[in-house]
Amino acid sequence: MMMGLRSSSRSSVTCGARPSCWAMPTISSRPPGPAWRQGSRSTRMLPARLVTPIPGSEHLETRNRSEAKLSDHNMRIELRELGSHVGDEVVIEGWVQTVRAHAKVAFVVVRDGTGLVQAVMGRQDVDPATWEAATTVTQESTLVVTGTVRKEPRAPGGYEIGVSRFTVLAPGGEFPIQPKEHGVDFLLDHRHLWLRSTQQRAILRVRAEVEQAIHDYFYERGFVRIDTPILTGAIGESAGTLFETDYFGERAFLAQTGQLYVEAAAAAFRKVYCFGPTFRAEKSKTRRHLTEFWMLEPEVAFADSNDNMRLQEDLLTYLVQRALERCGEELTVLERDTTLLERVRPPFPRVSYTEAVARLQAAGSSIQWGEDLGAEDETKLAAYELPVFIYNYPREAKAFYMKENPDDPRTVLCNDLLAPEGYGEIIGGSQREDDLDKLLARIREEHLPEAAYNWYLDLRRYGTFPHSGFGLGLERTVAWITGRHHVRELIPFPRMLHRLTP
RNA sequence: UGGGGUGUAGCUCAAUGGCAGAGCGCCUGGCUGUUAACCAGGAAGUUGCAGGUUCGAGUCCUGCCGCCCCAGCCA
């Protein structure tokens with residue numbers, strides 16, 4: 001959340017797990033596996049067939065349409081529906097994944113974004129121009145292929161298309177990303193092309209599913225989505241961690257949290273959340289940091305810190321279950337061991353900060369009460385199968401807006417949630433200080449600009465109320481669910497230190 | 001900002017201080033069902049930049065630059 005306000009070798013990217021076909025260029029150093037075989041999403045969650053007769057299509061160029069004089073039975077389909085078209089002559093559009101051309105038979109594996117299919121032709125079964133086109137086409141060339149669908153156990157995905165027409169809409173050129181490992185830097189420089197690879201597609205599908213699950217979860221529970229501003233005014237010392245921009249001659253900053261705004265909205269709607277991009281100018285260079293990332297921030301009126309933790313574990317359980325239920329193929333492609341994910345159920349273990357320090361000291365750590373937990377400490381504490389809550393930190397280690405713990409004023413009512421398997425902090429939350437005088441005292445103690453927080457203090461002047469909320473880092477959460485090492489792969493176009501393009 | 005690595009063909013990497021190479025990709029040819037196909041051949045290099053040591057530097061030394069990992073900061 002917004003703690004910031006307080007004061008404010010190279011390696012090869014395994015884009016995939018194994019050095020393998022470009023379809024899953026991976027950061028090197030992983031054992032080979034069969035992930036590339038899992039190209040097709042098959043028929044899982046296939047809704048009604050999305051069949052569109054070619055004659056109605058607007059985007060195919062005339063020449064292609066005229067070349068494909070289709071009978072009434074010819075249909076343009078998406079590859080995910082392939083299984084329901086066995087025996088049909090269909091038209092597919094997509095990109096070349098691999099080509100295997102022999103003297104008298106050729107195989108072209110086509111990806112259309114919804115699935116994968118092998119197009120096959122015998123030399124004597126097609127005209128010379130078609131044969132020439134299919135045997136000289138290169139990776140990522142754009143195709144329109146007409147042919148008959150049949151079951152074929154030898155084909156990837158179990159089906160293939162016997163080609164009758166094969167049209168190259170555009171050449172693939174010398175596609176930079178090859179069927180092999182690449183370095184991280186190279187892949188990130190080509191992120192716009194890397195997205196097409198099997199593992200990257202799987203990763204981003206899981207991300208999209210989790211995002212949808214977030215909205216579904218809160219919608220079904222009566223939360224109101226509040227979109228908070230991205231451009232914000234000056235708020236003082238914390239500027240070092242904020243991206244500054246010019247706002248008609250005024251200083252403005254890109255938001256690093258929506259929390260203050262959802263606190264205001266909580267008094268209007270009781271249960272609210274915001275979910276959007278957030279910006280941190282910290283010069284962090286670790287696998288857990290991005291300068292632009294997506295954060296979910298629920299805020300609930302009349303919820304105390306315990307209610308807050310219950311919401312967190314219930315939400316996270318829901319998100320993990322959704323990913324397991326609907327992204328099984330993606331997790332398989334990613335070679336994610338899902339045994340631990342399947343056990344994610346409330347309640348999660350709860351360890352107080354004070355207890356955590358005692359445990360760490362007993363284990364030989366030199367940490368002293370009052371110090372914030374380091375990454376190594378967190379990893380030790382997260383040695384559970386479930387995510388673990390660490391709650392009630394010393395107030396000096398946390399943000400000004402966190403509510404003083406009535407049972408131990410040295411601490412505040414807050415929690416971090418540490419994911420297992422070394423993924424670390426994915427949530428930070430707290431009960432908010434709802435007492436005007438105490439909040440004001442904290443703002444002064446931190447030497448924050450009081451005037452900038454005047455409207456925030458109004459929330460305590462006019463019908464103040466107990467409330468709690470938290471911030472969940474989307475990329476960190478999805479990194480854990482998908483088992484990826486670095487958050488940069490969990491966002492389509494990562495923004496990091498010294499990386500602003502593509 | 002510290003600490004540790006690393007930089008050689010388009011890409012991934014080799015090369016005791018002694019002729020700069022392989023695989024992939026690309027081009028040419030061969031091969032009825034491939035599975036990252038395979039076989040044969042071809043094109044492809046200012047070894048990150050600037051100095052230095054040496055008969056000789058990709059290799060050793062100094063400085064600079066880029067990137068990666070870890071830490072701090074946090075989601």
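What you are looking at is a predicted structure, and each value in this text was computed from that prediction instead of being measured. First the proteins, then the strands, lettered A, B, ... as listed; each starts at 1.
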Which residue, L474(A) or L497(A), contacts RNA chain B at a nucleotide closer to its 5' end, judged by nearest heavy atom?
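Per heavy-atom nearest nucleotide, the more 5' residue is L497(A).
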Taking for each residue the nucleotide of RNA chain B bearing the nearest heavy atom, is the 5' side occupied by E376(A) or by Q124(A)?
Q124(A)
Report yes if a side-chain nitrogen or oxygen of R287(A) is closer than 4.0 Å to either non-bridging phosphate oxygen (OP1 or OP2) of C70(B); otherwise report no.
yes
R100(A) vs A37(B): side-chain N/O to OP1/OP2 distance below 4.0 Å
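Indeed, a polar side-chain atom of R100(A) lies that close.
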SB check R165(A) E89(A) (cutoff 4.0 Å):
no
State whether E475(A) and R207(A) are salt-bridged, where the test is any N-O pair (Lys NZ or Arg NE/NH1/NH2 against Asp/Glu carboxylate O) under 4.0 Å.
yes
Proximity of F166(A) and W131(A) rings by center, below 6.0 Å
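They do not qualify: ring centres at least 6.0 Å apart.
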Near-ring test H215(A)/F223(A), centroid separation under 6.0 angstrom
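No; H215(A) has its ring centre 6.0 Å or more from that of F223(A).
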Given Watson-Crick and G-U pairs under 3.5 Å, RNA chain B in dot-bracket ([ ] crossing, | other strand) is (((((((..((((....[..)))).(((((.......))))).....(((((..]....))))))))))))....
Would you mind reporting whether E445(A) and F400(A) have side-chain heavy atoms less than 4.5 Å apart?
no
Would you state whether a donor and an acceptor, one from the side chain of [X] and one from the base of [N], lie under 3.5 Å apart?
{"X": "Q118(A)", "N": "U34(B)", "answer": "yes"}
{"X": "Q139(A)", "N": "G25(B)", "answer": "no"}
{"X": "S284(A)", "N": "C74(B)", "answer": "no"}
{"X": "H102(A)", "N": "C38(B)", "answer": "no"}
{"X": "E160(A)", "N": "G33(B)", "answer": "yes"}
{"X": "R499(A)", "N": "C67(B)", "answer": "no"}

Look at the side chain of [X] and decide which nucleotide, out of [options], has an atom nearest to it.
{"X": "E174(A)", "options": "C74(B), U35(B), C26(B)", "value": "C26(B)"}
{"X": "F186(A)", "options": "G33(B), U32(B), U12(B)", "value": "U12(B)"}
{"X": "T138(A)", "options": "G72(B), C27(B), G33(B)", "value": "C27(B)"}

By the definition side chain to side chain donor-acceptor pair (under 3.5 Å), identify the one residue from R287(A), R191(A), R484(A) that meets it with E489(A).
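The residue from R287(A), R191(A), R484(A) that satisfies side chain to side chain donor-acceptor pair (under 3.5 Å) with E489(A) turns out to be R484(A).
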Considering only atom [atom1], compute the distance from [N] to [M] and round it to an integer number of Å.
{"N": "G52(B)", "M": "G41(B)", "atom1": "C1'", "answer": "44 Å"}
{"N": "A44(B)", "M": "G2(B)", "atom1": "P", "answer": "44 Å"}
{"N": "U47(B)", "M": "U6(B)", "atom1": "C1'", "answer": "14 Å"}
{"N": "A15(B)", "M": "A22(B)", "atom1": "P", "answer": "15 Å"}
{"N": "G18(B)", "M": "G58(B)", "atom1": "P", "answer": "10 Å"}
{"N": "U62(B)", "M": "G3(B)", "atom1": "P", "answer": "15 Å"}

Relative to the ring of Y453(A), is the ring of Y456(A) parallel (under 30°), tilted (30 to 60°) or perpendicular (over 60°)?
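Ring orientation, 0 to 90° scale: perpendicular.
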Base, sugar-phosphate, or nothing for H486(A), non-hydrogen atoms under 4.0 angstrom?
sugar-phosphate
Between T411(A) and N405(A): side-chain donor-acceptor atoms closer than 3.5 Å
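There is such a pair (donor and acceptor under 3.5 Å, judged by atom type) between the side chains of T411(A) and N405(A).
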